[in-house]
Amino acid sequence: MPDVLVAARAEALFVSCVQSSESPAPVEVRKAIAESFARFGSRGCATCVAGEFGDHPEMAVARMRWAIATVTAVYRRRRPRSLRSLTTCIS
């Protein structure tokens, strides 16, 4: 299950105009998410997503899967620097 930040970003991407068929670059994904948050706010994004799941559940599921996968790929977490250097020293 995605964490809260991934879920919020996925909802923002879901309600954006970006389409999965466009294979957007990370910079485009980040921009679309920022614009959705600015336009709707996090609660507004969640409300729009809920509406789409109510109106078009079969399409909404596929779009949300894409949004979560895209957000996860774009916002990959990096290990803290201290852990990276520790791993290097141990190897």
Side-chain angles (χ1 to χ4, degrees):
M1 174 152 225
D3 68 25
V4 175
L5 191 52
V6 170
R9 287 172 172 161
E11 289 171 345
L13 182 57
F14 182 102
V15 301
S16 75
C17 295
V18 175
Q19 298 299 311
S20 60
S21 61
E22 297 172 351
S23 300
V27 68
E28 295 169 317
V29 170
R30 288 186 179 100
K31 182 179 177 191
I33 290 169
E35 288 173 352
S36 292
F37 280 140
R39 183 173 179 197
F40 301 111
S42 61
R43 288 185 181 179
C45 290
T47 300
C48 292
V49 169
E52 285 301 310
F53 270 90
D55 295 341
H56 310 285
E58 65 288 340
M59 295 172 73
V61 168
R63 182 156 176 88
M64 184 53 78
R65 283 185 180 144
W66 165 78
I68 291 170
T70 302
V71 165
T72 300
V74 168
Y75 292 93
R76 285 198 176 127
R77 290 189 179 171
R78 293 184 178 162
R79 292 185 299 179
R81 177 167 280 199
S82 60
L83 290 179
R84 283 185 285 192
S85 57
L86 178 63
T87 305
T88 304
C89 292
I90 295 172
S91 301

**Q** List, one per line, each side-chain donor-acceptor pair under 3.5 Å for residues 8-23, sequence neighbours excluded.
**A**
unit_1 : atom_1 : unit_2 : atom_2 : d
S16    : OG     : L13    : O      : 2.7
S16    : OG     : V18    : N      : 3.3
Q19    : NE2    : C17    : O      : 3.3
E22    : OE1    : Q19    : N      : 3.3

**Q** To the closest 0.5 Å, what do you measure between CG (D3) and OH (Y75)?
**A** 12.5 Å
**Q** Does V49 belong to the same Ile/Leu/Val/Met/Phe/Trp/Tyr cluster as M59, with side-chain heavy atoms less than 4.5 Å apart forming each link?
**A** no
**Q** For residues 45-67, which residue pairs qualify under side chain to side chain donor-acceptor pair (under 3.5 Å), counting only residues two or more places apart or in two chains?
**A** W66-T70
**Q** Taking all non-hydrogen atoms of both residues into account, name the closest pair between C45 and F40 and its distance.
**A** N-CB, 3.7 Å
**Q** So which pairs with a foot in residues 31-41 pass side chain to side chain donor-acceptor pair (under 3.5 Å), sequence neighbours left out?
**A** none
**Q** Given side chain to side chain contact (heavy atoms under 4.5 Å, CB included), test V71 with I33 step by step and report yes or no.
**A** CA-CA 9 Å; V71 165; I33 290 169; 3.9 Å; yes
**Q** Can you list everything that forms a side chain to side chain contact (heavy atoms under 4.5 Å, CB included) with A25? Sequence neighbours excluded, please.
**A** V27, E28
